[in-house]
Amino acid sequence: MNARRLRAVHERLLGHHGPQHWWPGDTPFEIMVGAVLTQNTAWRNVERAIANLIAARAMSARRIVGLPHARLARLLRPAGYFNVKARRLRHFCEWLIARGGVVALGAVDTPALRHDLLGVHGVGPETADDILLYALRRPVFVIDAYTRRLFSRLGLIKGDESYEDLRAGFEAALGADVPLYNEYHALIVRHAKDVCRPRPRCAACCLRRACPGRRKPGRA
DNA sequence: TACCAGGAGAAAA
DNA sequence: TTTTCTCATGGT
């Protein structure tokens, strides 16, 4: 991983899209819930499910654990996979309660906390790292499908590296920097949605000649 | 109509 | 161990 090129990509993304101010969520717990619900799901639909939880006065670990499965699944329905996500969110909330809540997690070092999170049913590497970075402000770089797509098109990665290899590579190249990781991942998602689309699979996309971020002002 | 969206776990090979 | 399948709603 080339640190200079990684930083150059970040600068260009930031210059084009501006600060993204992630993660959308009012509290660390709400961010955690969003991280579970957004698995393979458009954020617009996650927002509806979160709004349902808030409207039902269920945006707390204890409230969620106390809901019957059918009731919780119904609230999560707009986010898709509602039966799966109801179970996953319940498992996560049970874990959080057992660990003493969000504040108590502050006493645990990042590697131990990450390992613990990965043991929760329904929490994989990306969800764990979303939680660590955005809810708990730990220096963990989030790798997702957008990251693979963007950086493989740029030729900076092959694209088939393991999650852990990519995460370690980004972290080693960029150094432990929570604000940078936060903004960088948010910019990757923003760019992937707006510019670096799945189709056309254009090699000229993504910060190459065709990227709007490289065009001079005034050009279409 | 087909594809895609801020994955993860289970089952099959 | 690696690959494939399943979960599901909503927007484009």
Side-chain angles (χ1 to χ4, degrees), chain A residues 10 13 17 19-26 28 30-53 69-95 114-138 140-153 157-167 170 178 180-202 205-206:
Chain A
H10 172 257
L13 289 173
H17 297 290
Q20 300 300 299
H21 305 295
W22 267 28
W23 177 297
D26 292 336
E30 191 175 317
I31 292 171
M32 293 171 176
V33 171
V36 173
L37 297 185
T38 198
Q39 292 170 0
N40 206 33
T41 299
W43 182 253
R44 186 192 307 267
N45 297 335
V46 175
E47 286 180 319
R48 293 192 175 99
I50 288 176
N52 285 347
L53 287 171
H69 173 84
R71 167 74 167 144
L72 180 56
R74 193 158 57 245
L75 294 172
L76 303 184
R77 187 178 180 86
Y81 306 118
F82 48 84
N83 283 311
V84 171
K85 288 179 179 176
R87 285 194 295 272
R88 290 178 181 177
L89 190 55
R90 182 183 307 281
H91 281 120
F92 173 75
C93 289
E94 288 171 346
W95 172 86
R114 186 170 191 272
H115 183 268
D116 199 12
L117 266 171
L118 289 172
V120 180
H121 180 96
V123 176
E126 185 183 335
T127 304
D129 293 344
D130 278 337
I131 290 170
L132 288 167
L133 177 62
Y134 290 104
L136 302 174
R137 303 186 186 285
R138 303 299 181 97
V140 177
F141 199 91
V142 177
I143 305 296
D144 61 2
Y146 290 151
T147 308
R148 288 182 188 276
R149 189 166 79 210
L150 175 57
F151 286 93
S152 62
R153 286 183 184 178
I157 65 172
K158 290 190 297 180
D160 61 351
E161 296 90 341
S162 74
Y163 185 99
E164 296 304 327
D165 284 348
L166 284 178
R167 183 179 66 83
F170 275 88
V178 171
L180 175 63
Y181 291 3
N182 180 319
E183 193 59 59
Y184 208 154
H185 179 244
L187 284 164
I188 290 168
V189 174
R190 172 67 184 276
H191 191 75
K193 284 180 173 177
D194 292 357
V195 182
C196 187
R197 306 286 298 169
R199 293 182 189 183
R201 305 186 71 80
C202 176
C205 178
C206 304

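Quick note on labels: first sequence line is chain A, next is B, and so on, each numbered from 1.
- Side-chain contact between L117(A) and W95(A): present, with at least one pair of heavy atoms (C-beta onward) separated by less than 4.5 Å.
- Between R77(A) and the phosphate of dT9(C), there is a side-chain N or O to OP1/OP2 separation shorter than 4.0 Å.
- A 4.5 Å side-chain heavy-atom check between N52(A) and L76(A) finds every atom pair outside the cut-off.
- If you measure from atom CD1 of I50(A) to atom P of dT9(C), you get 18 Å, rounded to the nearest angstrom.
- Heavy atoms of R48(A) sit under 4.0 angstrom from primed sugar atoms or phosphate atoms, though from no base atom.
- A close approach under 4.0 Å does not occur between any side-chain nitrogen or oxygen of N40(A) and OP1 or OP2 of dC4(B).
- In this model, the phosphate group of dT9(C) is not approached by any side-chain N or O of R74(A) to a distance below 4.0 Å at OP1 or OP2.
- Distance from the side chain of H121(A) is smallest to dG9(B) among dG9(B), dA8(C), dA5(B).
- Here V123(A) lies in heavy-atom contact (under 4.0 Å) with sugar-phosphate atoms only.
- In this structure, of dA5(B), dG7(B), dT9(C), it is dG7(B) that holds the atom nearest to the side chain of E126(A).
- What separates OH of Y163(A) from P of dG9(B) is a distance of 13 Å, to the nearest Å.
- The nearest heavy atom of DNA chain C to Y81(A) and to R44(A) marks one nucleotide each, and the one closer to the 5' end goes with Y81(A).
- Counting any heavy atom pair closer than 4.0 Å across all strands shown, V36(A) reaches no nucleic acid atom.
- Rounding to whole angstrom units, CD of residue E47(A) and P of dA5(B) are separated by 17 Å.
- Of the charged side-chain nitrogens involved, at least one lies within less than 4.0 Å of a carboxylate oxygen, so that R114(A) and E164(A) count as a salt-bridged pair.
- Heavy-atom distances to DNA chain B give each of A192(A) and G124(A) a nearest nucleotide, and the one nearer the 5′ end belongs to A192(A).
- Ring-centre distance between Y181(A) and F170(A): not below the 6.0 Å cut-off.
- Distance D194(A) CG to dC4(B) C1': 15 Å, rounded to the nearest Å.
- Inter-residue side-chain proximity for R88(A) and Y81(A) is flagged as unmet; no heavy-atom pair is nearer than 4.5 Å.
- Rounded to whole angstrom, the span from the CZ atom of F82(A) across to the P atom of dC7(C) amounts to 11 Å.
- Rounded to whole Å, the P atom of dA10(B) lies 14 Å from the corresponding atom of dA8(C).
- Atom CG of D130(A) is separated from atom P of dG7(B) by 8 Å (rounded to the nearest Å).
- The closest side-chain donor-acceptor pair between T147(A) and D144(A) falls under 3.5 angstrom.
- Across all strands, K193(A) comes closer than 4.0 Å to base atoms (heavy-atom distances).
- Per the geometry, CG belonging to N52(A) stands 14 Å off C1' belonging to dG10(C), to the nearest Å.
- In terms of phosphate contacts, T41(A) brings no side-chain nitrogen or oxygen within less than 4.0 Å of OP1 or OP2 of dT9(C).
- The distance from atom CG of L117(A) to atom P of dA8(B) is 11 Å, rounded to the nearest whole Å.
- For V84(A), counting side-chain heavy atoms from C-beta on, the closest listed nucleotide (dA8(B), dG10(C), dC7(C)) is dC7(C).
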